[in-house]
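Keep in mind it's a predicted model, so treat the numbers as computed, not measured. In what follows, chains carry the letters A, B, and so on, assigned in the order in which the sequence lines appear, proteins first and then strands, with residues in each chain numbered from 1.
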2 protein chains.
Amino acid sequence: MDTTHSPETPHAYLRKAARREMIAEAARRIIAEKGVEGLRTRDVAERAAINISTLHFHVKSKAALIALVAETSRDAFLALLPPDPDPAGDPRAQLRAEAQVYHDSLRDRPDLSVCFARLALAAPDNPAVAAMIAEFTGQWADRFRQILAKGRDRGIFRADMDPLAAALMLSGALTAFGRSATPVLRFYWPVFDEAERGLLAPGQGGGDTTEPRG
Amino acid sequence: MDTTHSPETPHAYLRKAARREMIAEAARRIIAEKGVEGLRTRDVAERAAINISTLHFHVKSKAALIALVAETSRDAFLALLPPDPDPAGDPRAQLRAEAQVYHDSLRDRPDLSVCFARLALAAPDNPAVAAMIAEFTGQWADRFRQILAKGRDRGIFRADMDPLAAALMLSGALTAFGRSATPVLRFYWPVFDEAERGLLAPGQGGGDTTEPRG
DNA sequence: CCATAAATCAATCATATGATTGATTCTTGA
DNA sequence: TCAAGAATCAATCATATGATTGATTTATGG
């Protein structure tokens with residue numbers, strides 16, 4: 001038995017951090033395509049163009065691999081978010097900016113949102129992942145809540161508007177667009193606009209905030 | 001090797017239909033608990049208290065098992081729905097009735113909604129299941145749209161309200177509550193009430209529709 | 001009562017899959 | 001230059017898992 005080492009292509013020796021990034025991206029794409037249940041370490045290794053043993057050298061186990069995907073996906077999402085809502089800024093524009101960021105992430109990085117949705121439901125096996133995702137989505141909804149509360153106090157939104165309930169409504173309605181394997185965004189802005197009309201105080205309607213949209 | 005047949009408990013011979021129902025329920029509960037990726041034919045057989053061979057006798061394959069779960073879950077959902085919206089009825093009450101039914105299903109049959117959410121994301125492996133779920137959710141959103149359009153024409157909802165967008169907003173916001181493994185309904189009615197306030201035409205607010213709630 | 005079909009099960013197969021082992025190749029610092 | 005560590009891979013293991021086979025048991029119609 002000849003066990004000499006003669007790969008088709010030369011070795012591409014990389015540092016742990018770089019290799020882990022490649023592995024994470026390969027795994028995230030597979031999860032986005034086939035779901036968590038369709039994740040196979042062999043497939044990840046193949047897509048990352050490394051041997052299965054090399055994968056296990058960098059990532060101890062499949063559970064660790066899923067956790068890695070969850071963490072890197074969250075960080076990638078965080079990097080896309082707009083700066084923290086400015087208390088002095090225009091609440092309406094800020095609300096739309098949040099929606100714009102999520103819209104663009106659905107359009108340009110569907111792997112992120114789809115992977116997130118899948119991981120959130122794959123929770124039972126991985127409580128740590130579930131907790132991390134719950135924390136993230138909770139923080140995101142809280143950004144909406146802060147903006148809404150500020151806008152209500154300024155008379156831009158309805159005085160009888162409940163900021164928390166409205167934030168949950170908005171985040172729920174928008175994240176619904178990220179639940180299909182290939183997001184369809186045709187009704188994204190109509191839904192957001194409808195929600196905004198319902199939030200505005202009487203007499204505040206009509207003004208277009210001239211955002212870039214998508 | 002002694003291959004005599006001497007089970008611990010006597011056989012419980014059942015007809016195909018009855019056995020398939022038991023199998024479907026066992027599988028649905030496992031999917032609700034562990035997700036589609038955690039579904040094992042052995043576990044289903046064990047929970048249904050039958051042999052793995054008996055399971056395969058009644059359900060050809062694992063894919064067929066998942067399809068069976070999807071169909072029976074949909075039928076169970078349909079059985080819970082209120083009668084078709086009455087064109088002559090009160091749109092506000094009808095809207096709330098739809099929300100009430102979904103609320104109660106989340107409270108009383110979380111396995112149905114959780115299983116549905118999991119199946120929707122497990123789609124890639126099973127296009128037929130994905131199509132069936134997409135059709136069902138589409139029909140559900142269309143019930144909202146019809147009610148909203150009728151209410152707008154009667155002046156109960158805002159004249160500038162977009163029935164389709166509002167329907168997607170509502171169904172998206174409400175189904176968000178069914179996305180966690182164990183639905184938390186604390187904010188269900190606050191979210192619905194907030195959405196309703198945003199939909200009502202000026203001067204229509206305040207009137208309580210005295211529904212049972214949850 | 002019995003022959004036939006339906007339903008059930010123990011045992012087994014074939015493959016998939018996560019993980020490990022030990023040898024090999026590359027990198028790096030002195 | 002070279003020793004030590006880091007990174008990679010081929011081969012293999014141990015188990016999980018979907019599915020099948022053939023014998024056995026129960027139900028049913030005549």
Rounded to whole Å, the NZ-P distance (A/K16 to C/dT28) equals 16 Å

To the nearest angstrom, how far is A/E37 atom CD from C/dT17 atom C1'? 15 Å

When all nucleic acid strands are considered with a 4.0 Å heavy-atom cut-off, which category describes B/L39: base, sugar-phosphate, or nothing? sugar-phosphate

Using distance only, find each side-chain donor-acceptor pair of residues 78-88 of chain B under 3.5 Å and give its atom names and separation, not counting sequence neighbours.
residue : atom : partner : partner atom : Å
B/D84   : OD1  : B/R143  : NH1          : 3.0
B/D86   : OD1  : B/A88   : N            : 3.0

When you measure from the side-chain N and O atoms of A/R19 to the phosphate of D/dT8, is any distance below 4.0 Å, counting only OP1 and OP2? yes

Protein-nucleotide distance (A/K60, atom NZ; C/dT20, atom P), rounded to Å: 10 Å

Salt-bridge contact A/E196-A/R92 (side-chain N to carboxylate O under 4.0 Å): yes

Heavy atoms within less than 4.0 Å of DNA chain D: which residues of residues 44-54 of chain B have one? Give them sorted by number. B/S53

Is a salt bridge present between B/E25 and B/R28, judged by a nitrogen-to-oxygen distance below 4.0 Å? no

Determine which pairs satisfy salt bridge (Lys or Arg N to Asp or Glu O under 4.0 Å) with at least one residue from residues 55-78 of chain A, sequence neighbours left out, and list them in order. none

Shortest non-hydrogen contact from B/R96 toward B/D193: NH1-OD1, 3.3 Å

With a 4.0 Å cut-off, would you call A/K150 and A/D90 a salt bridge? no

Look for any protein N or O under 3.5 Å of an N or O in nucleotides 13-16 of chain C and output each such pair with its distance, or none.
none

With side-chain contact (heavy atoms from CB on, under 4.5 Å) as the test, would you mind laying out the steps for B/L174 and B/F144 before giving the verdict? CA-CA 12 Å; B/L174 294 186; B/F144 277 113; 4.3 Å; yes

Any non-hydrogen side-chain atom of B/R152 less than 4.5 Å from a side-chain atom of B/L199? no

With respect to the phosphate group of C/dC9, does any side-chain polar atom (N or O) of B/H56 fall under 4.0 Å of OP1 or OP2? no

According to a strict under-4.0 Å criterion, is A/T41 in side-chain N/O contact with OP1 or OP2 of C/dT17? no

Do A/L39 and A/K34 make a side-chain contact, defined as non-hydrogen atoms from C-beta onward lying under 4.5 Å apart? no

Basic-acidic side-chain contact under 4.0 Å: A/K16, A/E21: no

From C/dA19, C/dT8, D/dT8, pick the nucleotide closest to the side chain of B/F57? C/dT8

Between P on D/dA7 and CG on A/L55, what's the gap in Å once rounded to a whole number? 14 Å

Under the side-chain hydrogen bond (donor to acceptor under 3.5 Å, both in side chains) test, which residues partner A/R145, sequence neighbours left out? A/D142

Interface with DNA chain D, restricted to residues 63-72 of chain B and to heavy atoms under 4.0 Å: none

